Amino acid sequence: MPDPKTVQSVSLRLARLEELVVAPEPDPLSGQFEERSGVERILDAARANFNRRLAAIEAQLVLDEQPSPEERRKIDDALKALWRYQEGRLGEQLVTIRRDGFRALAKGCIFLLICMAISAIAGNATILPDLVQSLVSEGFIIAGWVALWLPMELLLYEWWPVSRDRKLYRMIAEMKYSIEAPRPA
């Protein structure tokens, strides 16, 4: 049993159990403004309170219509199928981020070397005044290092949200949920 501090509890009101995986149609005339599925709402809540120690997600679903056992089984299967789909999609996205990061790093390093060479040439140019010589030399070094900004961002930070979402979708596939009837007003 996970520590209660590592469990994200989410409470959702849904008209039908299908709204857990399928986004409802917004209908402002009847007061229905929500256009996210229950899974998307659970993800948003979990992302807002995410920490590395998060181990499980629990959902309390308040449904207007009580589902049959067959409907519950279908939803359980749909959650697992959604996880398999997202696992593949987000895995491909991680591979793409890493590939793009390494390609950008190679280009950035080449650009940095070229900038350093131009900086060295400009630093030794006797035909330029000292101030111009210094500005050109330092400017090319700065430009070379700035070219490494994107590769570093991709390789160090860009993959974090994708990795987090993979973990959250896995938790949603294993999520325990309870179904309650709405309380009378």
Side-chain angles (χ1 to χ4, degrees), residues 2-10 12 20-23 26 33-59 78-175:
D3 178 4
K5 295 177 188 168
T6 64
V7 175
Q8 171 75 43
S9 292
V10 180
L12 297 176
L20 186 60
V21 290
V22 177
F33 298 100
E34 189 60 62
E35 55 188 6
R36 298 173 297 160
S37 71
V39 168
E40 291 168 333
R41 292 161 56 192
I42 292 168
L43 275 173
D44 288 345
R47 284 178 187 133
N49 299 308
F50 185 79
N51 68 58
R52 290 187 331 241
R53 293 186 310 273
L54 185 63
I57 297 174
E58 292 178 350
L79 289 174
K80 287 180 180 31
L82 176 67
W83 170 69
R84 284 189 300 274
Y85 168 75
Q86 292 294 352
E87 180 73 15
R89 187 182 71 78
L90 294 172
E92 290 170 2
Q93 196 173 348
L94 278 174
V95 168
T96 300
I97 289 170
R98 287 185 184 124
R99 183 191 64 228
D100 291 349
F102 284 116
R103 284 181 180 169
L105 181 61
K107 291 174 185 175
C109 286
I110 291 169
F111 184 73
L112 175 62
L113 290 174
I114 291 169
C115 287
M116 291 178 79
I118 293 171
S119 173
I121 292 168
N124 294 327
T126 55
I127 60 171
L128 297 174
D130 287 345
L131 179 61
V132 174
Q133 184 180 3
S134 178
L135 285 174
V136 170
S137 177
E138 295 298 321
F140 273 101
I141 288 178
I142 292 169
W145 285 109
V146 168
L148 293 178
W149 190 293
L150 176 65
M152 290 298 111
E153 182 177 330
L154 288 171
L155 294 172
L156 295 177
Y157 303 111
E158 194 73 22
W159 61 273
W160 288 2
V162 177
S163 180
R164 176 203 60 208
D165 282 357
R166 281 178 87 180
K167 181 178 180 179
L168 291 176
Y169 274 109
R170 188 175 308 115
M171 285 183 214
I172 286 174
E174 300 165 356
M175 170 178 71

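Being a predicted model, the structure only gives us computed values, none of them experimental.
Counting heavy atoms from C-beta on, the side chains of Gln8 and Met171 never come closer than 4.5 Å. Put simply, the side chain of Leu148 does not reach to within 4.5 Å of the side chain of Phe111, judged on heavy atoms. Between Leu105 and Met152 the shortest side-chain heavy-atom distance falls below 4.5 Å. Side-chain contact between Leu168 and Arg47 is present, with heavy atoms from C-beta onward closer than 4.5 Å. Between Trp83 and Ile172 the shortest side-chain heavy-atom distance does not fall below 4.5 Å.
Note that CG of Leu90 and OG1 of Thr96 are 11.0 Å apart. Values are rounded to the nearest 0.5 Å. Atom CE of Met116 and atom CD1 of Ile141 lie 6.0 Å apart (nearest 0.5 Å). Between Glu153 atom CD and Leu156 atom CG the span is 9.5 Å, to the nearest 0.5 Å. Summarising the geometry, atom NZ belonging to Lys80 is positioned 14.0 Å from atom CD belonging to Glu87; distances are rounded to the nearest 0.5 Å. Note that the OG atom of Ser37 and the CG atom of Leu43 stand 8.0 Å from one another [nearest 0.5 Å]. Between atom OG1 of residue Thr6 and atom CZ of residue Arg53 there is a gap of 8.5 Å, rounded to the nearest 0.5 Å.
Listed here is the closest heavy atom pair of Ala46 and Ile57: CB-CD1, 4.2 Å. When every heavy atom of Ser137 is checked against every heavy atom of Ala122, the shortest pair comes out as N-CB, 4.2 Å.
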Query raised in the report: Given the rule in the side-chain contact (heavy atoms from CB on, under 4.5 Å) test, do Leu94 and Arg166 qualify, once you have shown the distances and angles that lead to the verdict?
Result: CA-CA 10 Å; Leu94 278 174; Arg166 281 178 87 180; 3.1 Å; yes

Query raised in the report: How far apart are the C-alpha atoms of Phe140 and Ile114, what are their side-chain angles, what is the distance that settles it, and do they pass the side-chain contact (heavy atoms from CB on, under 4.5 Å) test?
Result: CA-CA 9 Å; Phe140 273 101; Ile114 291 169; over 6 Å; no

Query raised in the report: Step by step, would you call Ile42 with Leu20 a side-chain contact (heavy atoms from CB on, under 4.5 Å)?
Result: CA-CA 9 Å; Ile42 292 168; Leu20 186 60; 4.1 Å; yes

Query - Residue pair Arg99, Arg103: steps toward the side-chain contact (heavy atoms from CB on, under 4.5 Å) verdict - result: CA-CA 6 Å; Arg99 183 191 64 228; Arg103 284 181 180 169; 3.4 Å; yes

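Looking at Ser119, its side chain never comes within 3.5 Å of a backbone N or O of Cys115 through a donor-acceptor pair.
Exactly one residue among Val21, Val22, Leu12, Asp44 makes a side-chain contact (heavy atoms from CB on, under 4.5 Å) with Val39. That residue is Val21.
A 6.0 Å sphere centred on OH of Tyr157 holds no more than 12 heavy atoms belonging to other residues, nucleotides or ligands.
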